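Within every chain, numbering begins at 1; the chains are lettered A, B, ... in the order of the sequence lines, protein sequences first and strands thereafter. Note that the coordinates shown come from a computational prediction; the quantities given were computed from them, not determined experimentally.
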There are 2 protein chains.
Amino acid sequence: MVERGGSGVPGGRRKQRVSMADVAKLAGVSSQTVSRVSNGHAGVISSTREQVLAAMRELGYRPNSAARALRYGRFNTIGVILFSLASTGNSRTVEAIATHAAAEGYAITLIPIDVPTQDNVLGAFTRMGELAVDAVIVIMEIHLVDTGTVQLPPGVHVVVVDSDAGDRYSVVDTDQAEGARKAVRHLLDLGHRTVWHVTGPETSFAGQRRTQAWREVLEEAGRPVPPPLHGDWSAESGYAAGLALAEQDGCTAVFASNDQMALGLLRAFHERGRRVPEDVSVVGFDDIPDAAFFVPPLTTVHQDFAEVGRRCVRGVLQQIRTGDGSPPGTDLVPTSLVVRGSTAAPRSG
Amino acid sequence: MVERGGSGVPGGRRKQRVSMADVAKLAGVSSQTVSRVSNGHAGVISSTREQVLAAMRELGYRPNSAARALRYGRFNTIGVILFSLASTGNSRTVEAIATHAAAEGYAITLIPIDVPTQDNVLGAFTRMGELAVDAVIVIMEIHLVDTGTVQLPPGVHVVVVDSDAGDRYSVVDTDQAEGARKAVRHLLDLGHRTVWHVTGPETSFAGQRRTQAWREVLEEAGRPVPPPLHGDWSAESGYAAGLALAEQDGCTAVFASNDQMALGLLRAFHERGRRVPEDVSVVGFDDIPDAAFFVPPLTTVHQDFAEVGRRCVRGVLQQIRTGDGSPPGTDLVPTSLVVRGSTAAPRSG
DNA sequence: GCCCTCGATGTTTACGTAAACATACGCGAC
DNA sequence: GTCGCGTATGTTTACGTAAACATCGAGGGC
């Protein structure tokens with residue numbers, strides 16, 4: 001007699017899962033009473049309750065969440081669509097989302113998109129539409145998804161991170177512009193005549209905002225705007241930019257659009273004998289944990305990813321609870337400048 | 001007349017979701033025919049199929065995955081329990097898991113545990129037990145969870161990462177010992193008399209294995225074993241260790257149990273005027289993307305997180321498909337040593 | 001003692017889907 | 001023409017849960 005899952009448990013749970021009916025039969029009550037005990041409802045006499053609990057333990061009963069979801073019409077799950085977990089920001093945001101969602105009794109379903117093509121994104125949304133989620137948080141350039149006919153399934157609540165689509169969706173993001181302004185002003189305040197800039201990739205809204213704010217601050221201050229060097233977030237691209245900047249005699253201050261690229265800058269300047277901060281000041285963006293231990297420790301703009309995650313969860317939960325769609329609007333989380341050893345007044349100043 | 005969700009769509013979808021019955025009514029067929037069309041079954045004449053598809057489009061029909069899961073008894077979802085996404089390794093592993101699971105038609109549900117207390121872990125498993133998952137991947141010290149009465153819900157398939165519980169569970173992990181051996185041997189081969197070591201936290205199985213392998217290599221080679229310095233993975237702890245090591249005149253080579261701590265070492269040595277690699281060689285572990293841009297570029301042990309994630313998914317899918325429980329065994333992913341600029345022969349050598 | 005009330009528990013039903021079974025129709029073979 | 005078979009479609013049912021409704025018995029007020 002072939003039997004799988006035997007495993008010698010009293011009561012011999014066999015192949016299939018234990019349902020309320022099984023518990024009810026063993027406890028000698030109706031399945032409705034089991035349901036009442038399972039959900040902690042009042043109106044069950046304690047002796048009955050004990051019997052049911054004992055039967056549950058013996059059989060190893062666990063509620064079937066599919067049936068519950070079907071019954072209630074809710075899944076208690078939030079979907080997160082993202083392009084990559086590789087960046088510090090994304091993984092920290094996701095972690096904060098997961099933590100806060102868990103505190104509210106929601107689980108997180110992750111849908112990664114390996115290559116951000118229109119097809120893949122469309123596929124993710126389709127899958128997500130069929131998926132057991134009550135709401136969706138999109139951590140991604142929304143312009144990648146809402147060109148063309150792609151649209152979020154109706155009735156799904158959405159919050160978007162890293163986007164300028166605040167006119168159409170609920171957007172939560174770090175205040176990129178404010179952060180970049182702080183970085184550039186800090187360098188100008190130190191006495192630098194102007195500030196060079198290494199950008200993020202052009203497809204990044206956050207990168208665009210930072211670059212735009214850098215330009216604005218310089219223009220407002222009436223300073224020359226050097227041509228920006230294009231990076232792609234990687235330390236390698238920062239390194240390449242650094243090698244180029246090391247040749248620019250007039251360059252005394254650089255604002256890198258993230259910390260990784262700043263790290264590349266530091267290495268390039270070190271190799272070319274340009275001392276930081278004596279010859280060149282460098283400011284990054286993100287405040288990754290390692291930034292304090294770069295050589296020299298990096299002055300950078302601190303992003304509060306945990307707060308971004310918290311507000312994302314708050315936003316979707318509000319939508320779920322009120323039953324409203326995604327109310328347009330942008331919720332910006334402030335940044336703070338962390339001054340460390342990579343910035344100083346220019347020597348000539 | 002107050003109505004929510006109106007939004008001017010033809011057919012005026014109102015509050016609730018569209019079911020097969022709605023589509024069937026509009027198309028003038030039975031719901032079973034809608035089901036057949038939805039699942040691409042044969043035996044539906046093309047004119048009927050077209051009618052149904054048109055009705056689906058008009059109503060914006062999406063299948064209800066809760067009902068499907070209830071019907072099929074499967075969720076097509078894998079749960080991932082983890083302690084933190086903050087470390088490069090974990091987030092990269094999770095990303096790989098998510099990507100490979102998606103390729104197999106599975107989604108990922110994330111259950112983070114903010115503080116690894118017994119209660120929290122137990123709670124996570126309970127929640128996970130009730131959750132809509134077919135299998136679970138645990139990225140965590142298993143000894144934290146299986147002391148005491150905590151046990152995985154029966155019938156749930158499990159793969160564990162970062163654990164020595166290969167005798168009880170399916171374990172997938174980087175071959176920590178092999179990697180650490182490569183690192184230490186590399187330093188000995190360069191001519192260093194011995195190798196100092198900065199450990200990971202004691203609660204980390206991976207850290208323990210690396211430290212153990214470091215000790216074994218030194219003992220096998222008949223070299224003195226310096227007292228290990230205790231770190232906690234953070235750059236800060238590496239920095240503290242570095243300040244201490246800078247005072248040790250005999251210290252010409254250090255193996256740090258991860259790259260972050262190696263970064264802290266580099267900064268400490270730089271501050272104390274100990275040149276790397278001329279005075280001291282440093283090797284890390286992980287090969288985070290930034291490691292190549294440290295000053296100097298870090299020699300380190302490369303972990304293939306993507307492969308770990310792939311094998312995790314393969315493991316649980318196999319369990320799901322065969323219906324077996326978690327077969328004990330340890331699946332080790334090999335590492336490779338990446339030699340960069342932070343190691344050299346000792347000056348006296 | 002009778003009826004009413006209320007508390008404890010049982011029964012019915014619906015949630016959305018899809019397998020299993022049932023029906024109905026058309027067409028070819030005799 | 002009728003029988004039989006196969007194809008297209010409809011009907012019934014089950015999945016596990018829990019709300020809504022039903023029942024049953026005990027205790028109290030008159």
Undergrad: What's the NE2-P distance between A:His41 and C:dG7, to the nearest Å?
TA: 16 Å
Undergrad: How many Å lie between CZ on A:Arg49 and P on C:dT9, as a whole number?
TA: 9 Å
Undergrad: Expressed as a whole number of angstroms, how long is the span from A:Asn39:CG to C:dT9:P?
TA: 16 Å
Undergrad: Compare all side-chain heavy atoms of B:His157 with those of B:Ser170 and state whether any distance is below 4.5 angstrom.
TA: no
Undergrad: Specify the separation, in whole Å, of atom CE of A:Met56 and atom C1' of D:dT17.
TA: 12 Å
Undergrad: For a quick check of understanding: with a heavy-atom distance under 4.0 Å over all strands, which category does A:Val29 fall into, base, sugar-phosphate or nothing?
TA: sugar-phosphate
Undergrad: Contact class for A:Thr48 (heavy atom, under 4.0 Å): base, sugar-phosphate, or nothing?
TA: sugar-phosphate
Undergrad: Given side chains that start at C-beta, do those of A:Tyr106 and A:His100 come closer than 4.5 Å, heavy atoms only?
TA: no
Undergrad: Measure from the side chain of A:Thr33, starting at C-beta and using heavy atoms only, and say which of C:dT9, D:dG16, C:dA18 lies closest.
TA: C:dT9
Undergrad: Grab the CG-C1' distance between B:Asn64 and C:dA18 for me, whole Å please.
TA: 13 Å
Undergrad: Is it the case that C:dG16 (base atoms only) and B:Arg62 (side chain only) share a donor and an acceptor within less than 3.5 Å, ignoring hydrogens and angles?
TA: no
Undergrad: Measure CZ/B:Arg71 against P/C:dA14 and give the value in whole Å, please.
TA: 18 Å
Undergrad: Ignoring hydrogens and angles, answer whether the base of D:dG10 and the side-chain atoms of B:Arg36 contain a donor-acceptor pair closer than 3.5 Å.
TA: yes
Undergrad: What's the closest nucleotide to the side chain of A:Ile45 if the choices are C:dA8, D:dA20, D:dT17?
TA: C:dA8
Undergrad: Determine the contact category for B:Ser35: base if any of its heavy atoms lies under 4.0 Å from a base atom, sugar-phosphate if only primed atoms, P, OP1 or OP2 are that close, otherwise nothing.
TA: base
Undergrad: Using a heavy-atom cut-off of under 4.0 Å over every strand shown, decide if A:Leu70 touches base, sugar-phosphate, or nothing.
TA: base
Undergrad: How do B:Ala67 and A:Val44 order along DNA chain C: which one's closest nucleotide is nearer the 5' end?
TA: A:Val44
Undergrad: Measuring from the side chain of B:Tyr61 (C-beta onward, heavy atoms only), which nucleotide among D:dA18, C:dA18, C:dT17 has the closest atom?
TA: C:dT17
Undergrad: Starting from C1' on C:dC15, measure out to OH on A:Tyr72 and report it in whole angstrom.
TA: 12 Å
Undergrad: From C-beta outward on B:Gln32, which listed nucleotide comes closest to its side chain: D:dG10, C:dT17, C:dG10?
TA: D:dG10
Undergrad: Is it the case that more than 12 heavy atoms not belonging to B:Glu307 sit under 6.0 Å from its CD atom?
TA: yes
Undergrad: Among the nucleotides C:dT17, D:dT17, D:dT11, which one has an atom lying closest to any side-chain atom of A:Ser19?
TA: D:dT17
Undergrad: Run the salt bridge (charged side-chain N to carboxylate O under 4.0 Å, His left out) test on B:Arg314 and B:Glu104 for me, step by step, so that the C-alpha distance in whole Å, both residues' side-chain angles and the decisive distance to 0.1 Å come before the verdict.
TA: CA-CA 10 Å; B:Arg314 196 174 59 189; B:Glu104 300 281 345; over 6 Å; no
Undergrad: Mind calculating the distance between CZ (A:Phe75) and C1' (C:dC15) to the nearest angstrom?
TA: 11 Å
Undergrad: Would you say A:Ile45 and A:Arg49 make side-chain contact, with heavy atoms under 4.5 Å?
TA: no
